J.: 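Below is a structure I'd like to ask you about.
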Protein chains: 2
Amino acid sequence: MSVGHTGITTPEPLPEPLLSCDDDCGIRDVLDRLGDKWSVLVVVELGAGMRRFKELQRAVDGISQRMLTLTVRRLERDGLVTRTVHATVPPQVEYELTDLGRSLTLLVKGLADWSLAHRARIEAARREWDTKADMPS
Amino acid sequence: MSVGHTGITTPEPLPEPLLSCDDDCGIRDVLDRLGDKWSVLVVVELGAGMRRFKELQRAVDGISQRMLTLTVRRLERDGLVTRTVHATVPPQVEYELTDLGRSLTLLVKGLADWSLAHRARIEAARREWDTKADMPS
DNA sequence: CGGTATCCGAATTGATACTG
DNA sequence: CAGTATCAATTCGGATACCG
């Protein structure tokens, strides 16, 4: 069960991809890394600059301490984020994007822009679909 | 439990977002729409052109009939995909991206490119992290 | 062919309590 | 403050069987 090392028992053993590369080359990879509930949000927040743990948690709004820990740990492991511990009291840990992480923010920004640009249109389509669905008369 | 309409009982009632818009404006939206296991893959495949249900299922490799149905249904609802039923025998259903859907493929392509470009670097970082973790000596 | 309904195990997540 | 451990609730996904 992979116990030991840094002290983390890894209840979630950071699962590896599960799909072979057909014509989806690459996309599955990004999805495995950022497709979860929080990673992108954390990257976005860190895109604005260095953040402490608590700052991140407040910024992301809704993320639990546990999920934030797991998320930044994964991002750190993938080389997207650095973790700096200051041996102060109380302890202080700072997270910051690496160059690799920053290169991602551009793309993520693109997604956000797309979403903002088309949000209304999507919601309209959705309402229409729901209307059609609810009255087959 | 929302029964009726088209005959679909919607065991998965296509849940709405759960996070308010703070500074993550927009991103949560895209994630809710594409962050699942299959949507992006389906969009990518449809990016290459119109596809029938069975063609999609073969192309995506690993997706079950159930998940493909749910995925295209959601994409259709959001106005990213059109569904055309030909009353032939045997029945034939064709899926195609809308303009909105096509506008997304550009971004998705960006993500795929990013992944390909940095895959090696990420895996290196990951190996390093794992090494550090496994021998604290 | 293109679905839908149902059951069930696996994976994710949240809440809570505790620690250095 | 910044985690870690544990447990419970939820959600997701796959297998299967059946339908128009």
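Note that the coordinates shown come from a computational prediction; the quantities given were computed from them, not determined experimentally. Proteins get letters first, then strands, A, B, ... in listed order; numbering begins at 1 in each.
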J.: For dC1(D) and Y95(A) - does any side-chain N or O of the residue sit under 4.0 Å from the phosphate oxygens OP1/OP2?
T.: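 For dC1(D), OP1/OP2 do not have a side-chain N/O of Y95(A) under 4.0 Å.
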J.: Please give, in whole Å, the distance from dG13(D) C1' to D36(B) CG?
T.: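 It works out to 11 Å between those atoms.
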J.: With the side chain of P91(A) defined as its heavy atoms from C-beta on, choose the nearest nucleotide among dC1(C), dG3(D), dC1(D).
T.: dC1(D)
J.: By nearest atom, which of the nucleotides dT4(C), dG2(C), dG3(D) is closest to the R73(B) side chain?
T.: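 When the side chain of R73(B) is considered, dT4(C) is the closest of dT4(C), dG2(C), dG3(D).
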J.: Under 3.5 Å, is there a donor-acceptor pair between the side chain of Q57(B) and the main chain of K54(B)?
T.: no
J.: Rounded to whole Å, how long is the line connecting atom CD of Q57(A) with atom P of dG14(C)?
T.: 11 Å
J.: Looking at R52(B), I'd like to know whether one of its side-chain N or O atoms comes within less than 4.0 Å of OP1 or OP2 on dC1(C).
T.: no
J.: Check step by step if side chain to side chain contact (heavy atoms under 4.5 Å, CB included) holds for L100(A) and I122(B).
T.: CA-CA 9 Å; L100(A) 191 54; I122(B) 288 176; 3.8 Å; yes
J.: Which atoms of nucleotides 14-17 of chain D (N or O only) lie under 3.5 Å from a protein N or O atom, and what are those distances?
T.:
from: dG14(D); atom 1: OP1; to: K37(B); atom 2: NZ; distance (Å): 3.3
from: dG14(D); atom 1: N7; to: R66(B); atom 2: NE; distance (Å): 3.3
from: dG14(D); atom 1: O6; to: R66(B); atom 2: NE; distance (Å): 3.1

J.: Specify the separation, in whole Å, of atom CG of L70(B) and atom C1' of dA5(C).
T.: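 Value for this atom pair: 12 Å.
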J.: Is any side-chain N or O of R83(B) closer than 4.0 Å to OP1 or OP2 of dG3(C)?
T.: yes
J.: When you get a sec, tell me which of dG3(D), dC1(C), dA2(D) is the closest nucleotide to the side chain of T69(A)?
T.: dG3(D)
